K.L.:
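Provided herewith is a single structure, encoded as structure tokens, for subsequent inquiry.
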Amino acid sequence: MAHPKPCSVIYSPASTSDNRIYNDDYINQLLKTVVDFVAKRRTAKDAARETPSFVYLLYVGSSDSERLLRGLDFAVFPIEMPHLGEWDTRGRMRRHDHDDVAFALGEATNLISDAVDIAERWKARRSRDAVLLPPVNFQVDGERQMARLFLEMRQGNRGWRDRFEELTPKQFSAETLPDALDGEQCEWCFQDHRSIVFLKPKAPGFHGGSRETLEDEPVAGIDVLRGLYRFGAPIPGGFQHDAQYEGGRSLNGVLFNCCRKGEVKVSGSHANVYANDFVRLAKK
């Protein structure tokens, strides 16, 4: 079993009320705290370092904890601290007891150790692994987006080691993707329900950090975080998929859902779709 490396701990004090721990103000403050910390560490100067190397969320399970998890979307790796959401004989949650908290933190550390090996999968960014597909714009079938599968994983209905067996990567060549590949090049890609191929370019093909692509628009904190992390693992600056039809067929008014602009119609050879579902029209 791998052991966790030394880490930084950031936090926002939660409400003392056990009826509703995670209100909107708390979620927004925690999100701001996390984004500010990440943004300071992941500057344009040293973006290649992918710092922090992983982001875990340790939380108390409660009737409203799903609101917290939904607020941080699929950006962090959630770990519920054992027993702290249970009630003691005085009618209070055990999260208020110092000894219970110390014990739960120790147990959570063990869970982090178990998660380290899983984290390596995210960081490998293999072409045949669907974990980095854009949550909203990849259509699994007529009813489900990739976000549905990620939600099942986050809620424990699908294991962290699940490989999304309902999705099968295909190998594409310069013949099938003439606008993206040359010569003898072949790449494994996923093709969604609309027959759109999501090609993951090599690092030189990334198009700037997700914050930079938004130009002068105000950027929501969750959009920043979703563009930098997927289930706690760092996403390199500018990482995106080139969404295109095979055979060189042009996109002709195909609808995509941009995290900043909402529904957009895309025409041309392809669209750049970032990890946070920011959609940028291709320049060529």
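For clarity, every value in this text was computed on a predicted model and none was experimentally measured. We use all heavy atoms of the structure for the numbers below, so side chains are in, but hydrogens, waters and symmetry mates are not.
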K.L.:
Any salt bridge (Lys or Arg N to Asp or Glu O under 4.0 Å) pairs touching residues 246-259, not counting sequence neighbours?
P.N.:
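Salt bridge (Lys or Arg N to Asp or Glu O under 4.0 Å) check on residues 246-259 returns no pairs.
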K.L.:
Keeping to residues at least two apart or across chains, list the ring-ring contact (aromatic ring centres under 6.0 Å, His included) pairs with something in residues 181-202.
P.N.:
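Sorted result for residues 181-202: Phe138-Phe198.
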K.L.:
Looking at residues at least two apart in the chain, or sitting in another chain, which of them share a ring pair (Phe, Tyr, Trp, His ring centres under 6.0 Å) with Tyr22?
P.N.:
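Applying ring pair (Phe, Tyr, Trp, His ring centres under 6.0 Å) to Tyr22 gives Tyr26.
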K.L.:
If the condition is side chain to side chain contact (heavy atoms under 4.5 Å, CB included), which residues does Pro82 pass it with, not counting sequence neighbours?
P.N.:
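For Pro82, the residues satisfying side chain to side chain contact (heavy atoms under 4.5 Å, CB included) (neighbours in sequence not counted) are Ala104, Glu107.
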K.L.:
Ser173: what forms a side chain to side chain contact (heavy atoms under 4.5 Å, CB included) with it, not counting sequence neighbours?
P.N.:
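Ser173: side chain to side chain contact (heavy atoms under 4.5 Å, CB included) contacts with Glu175, Thr176, Cys186.
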K.L.:
Taking the basic N atoms (NZ, or NE/NH1/NH2) and the acidic carboxylate oxygens, is any pair closer than 4.0 Å for Asp24 and Arg67?
P.N.:
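Between Arg67 and Asp24 there is a salt bridge, with a charged N closer than 4.0 Å to a carboxylate O.
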K.L.:
Kindly write out the residues that satisfy side chain to side chain donor-acceptor pair (under 3.5 Å) with Arg94, not counting sequence neighbours, or none if the list is empty.
P.N.:
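Testing Arg94 for side chain to side chain donor-acceptor pair (under 3.5 Å), a comparison that skips the adjacent residues, returns Glu86, Asp100.
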K.L.:
Which residues pass the side chain to side chain donor-acceptor pair (under 3.5 Å) test with Glu152, sequence neighbours left out?
P.N.:
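With neighbours one apart ignored, the set is Arg158.
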K.L.:
List the residues meeting side chain to side chain donor-acceptor pair (under 3.5 Å) with Arg121, not counting sequence neighbours, and say none if there are none.
P.N.:
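Residues passing side chain to side chain donor-acceptor pair (under 3.5 Å) with Arg121: Asp129.
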K.L.:
Spell out, as yes or no, whether a donor-acceptor pair under 3.5 Å connects the side chain of Asn276 to the backbone of Asp223.
P.N.:
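Yes, the answer is positive, given that a donor and an acceptor are paired below the 3.5 Å cut-off.
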K.L.:
Can you list everything that forms a side chain to side chain contact (heavy atoms under 4.5 Å, CB included) with Val35? Sequence neighbours excluded, please.
P.N.:
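Val35 satisfies side chain to side chain contact (heavy atoms under 4.5 Å, CB included) with Leu31, Val224, Leu225 only.
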K.L.:
Considering residues at least two apart in sequence or located in another chain, which fulfil the side chain to side chain contact (heavy atoms under 4.5 Å, CB included) criterion with Ser15?
P.N.:
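Once residues adjacent in sequence are excluded, the partners of Ser15 under the side chain to side chain contact (heavy atoms under 4.5 Å, CB included) criterion are Ser17.
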K.L.:
Taking NZ, NE, NH1 and NH2 as the nitrogens, is one of them in Asp277 or Arg260 under 4.0 Å from a carboxylate oxygen of the other?
P.N.:
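No, this pair does not count.
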K.L.:
Sequence neighbours left out, what passes ring pair (Phe, Tyr, Trp, His ring centres under 6.0 Å) with Phe172? Give chain and number order.
P.N.:
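Applying ring pair (Phe, Tyr, Trp, His ring centres under 6.0 Å) to Phe172 gives none.
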K.L.:
Establish, from distance only, whether the side-chain atoms of Asn252 and Ser250 form a donor-acceptor pair under 3.5 Å.
P.N.:
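No donor-acceptor contact under 3.5 Å links the two side chains.
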K.L.:
So, are Glu66 and Arg154 salt-bridged, with charged N and O less than 4.0 Å apart?
P.N.:
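Yes, charged N to carboxylate O under 4.0 Å.
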K.L.:
Taking only residues two or more places apart in sequence, or in another chain, which ones meet Asp182 in a side chain to side chain donor-acceptor pair (under 3.5 Å)?
P.N.:
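Here no residue qualifies.
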